[in-house]
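Reviewing the structure listed below.
Naming convention: chains lettered A, B, ... in sequence-line order (proteins, then strands); numbering from 1 in each chain.
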Amino acid sequence: MTNNDADEPRRDPEPSREQKVYIALAAIPQGRVVTYGQLGDLAGLPRAARQIGYILRNLPPESTLPWHRVINAAGKISLGPETESGIRQRARLQEEGVVLTNGRISLKHYRWQP
DNA sequence: ATGGTGACTTGGC
DNA sequence: TGCCAAGCCACCA
């Protein structure tokens, strides 16, 4: 096929929203956290906090992305403390040395900036 | 097309 | 410090 109109994307296929979020998420260092809104900003998706939540909820099970480093603007874990994911998030953060005081992230680890 | 939903955020008390 | 109402925006029935 010599033509290229509607056939193959020869240009960089623009990354999907998910891709952008995955990339930004992968860059968050261990032991630090970001908020949903921040992650959106880092991914080039301003005001997308709710969408970030949606995307994280739908992460493929085989993903190794550090989704547990995403917390809400109040400095807390958004998942229910009784839910399996919520429990896992808390455990993983603790493993990384992120301290929770009364359910809140201690200021030492609060919000990572690139 | 339309209205409901939600791992959210912000401003006002 | 915490609760509420609005705003927000992709997804879904």
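- No side-chain heavy atom of A:S106 sits less than 4.5 Å from a side-chain heavy atom of A:L100.
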Distance-only check: which donor-acceptor pairs under 3.5 Å involve side-chain atoms of residues 39-63 of chain A, not counting sequence neighbours?
unit_1, atom_1, unit_2, atom_2, d
A:N58, ND2, A:Y54, O, 2.8
A:S63, OG, A:L65, N, 3.1

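- Identified under the salt bridge (charged side-chain N to carboxylate O under 4.0 Å, His left out) test for residues 17-31 of chain A, with sequence neighbours left out: none.
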In the 5'-to-3' direction, what one-character label does each nucleotide of nucleotides 2-13 of chain B receive under the scheme B = base within less than 4.0 Å of a protein heavy atom, S = sugar-phosphate only, - = no such atom?
----BBBSS---

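- Expressed to the nearest 0.5 Å, how far CD1 of A:I71 lies from CD1 of A:I105 amounts to 4.5 Å.
- With a 4.5 Å cut-off on side-chain heavy atoms, A:S78 and A:Y36 count as touching.
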Result block: side-chain N/O donor-acceptor pairs under 3.5 angstrom for residues 85-99 of chain A, not counting sequence neighbours:
unit_1, atom_1, unit_2, atom_2, d
A:Q89, NE2, A:H68, O, 2.9
A:Q89, NE2, A:V70, O, 2.9
A:R90, NH2, A:P81, O, 2.9
A:E96, OE1, A:G31, N, 3.0
A:E96, OE1, A:R69, NE, 3.0
A:E96, OE2, A:H68, NE2, 2.8
A:E96, OE2, A:R69, NE, 3.1
A:E96, OE2, A:R69, NH2, 2.6

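- Between the side chain of A:T101 and the backbone N or O of A:R104 there is no donor-acceptor pair closer than 3.5 Å.
- With the 3.5 Å cutoff on both pairing distances, Watson-Crick and G-U pairs in DNA chain C assemble into runs of at least 3 at B:2-6 with C:9-13, B:8-13 with C:2-7.
- Inter-residue side-chain proximity for A:V33 and A:W112 is flagged as unmet; no heavy-atom pair is nearer than 4.5 Å.
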Nucleotide N/O of nucleotides 2-5 of chain C paired with protein N/O under 3.5 Å:
none

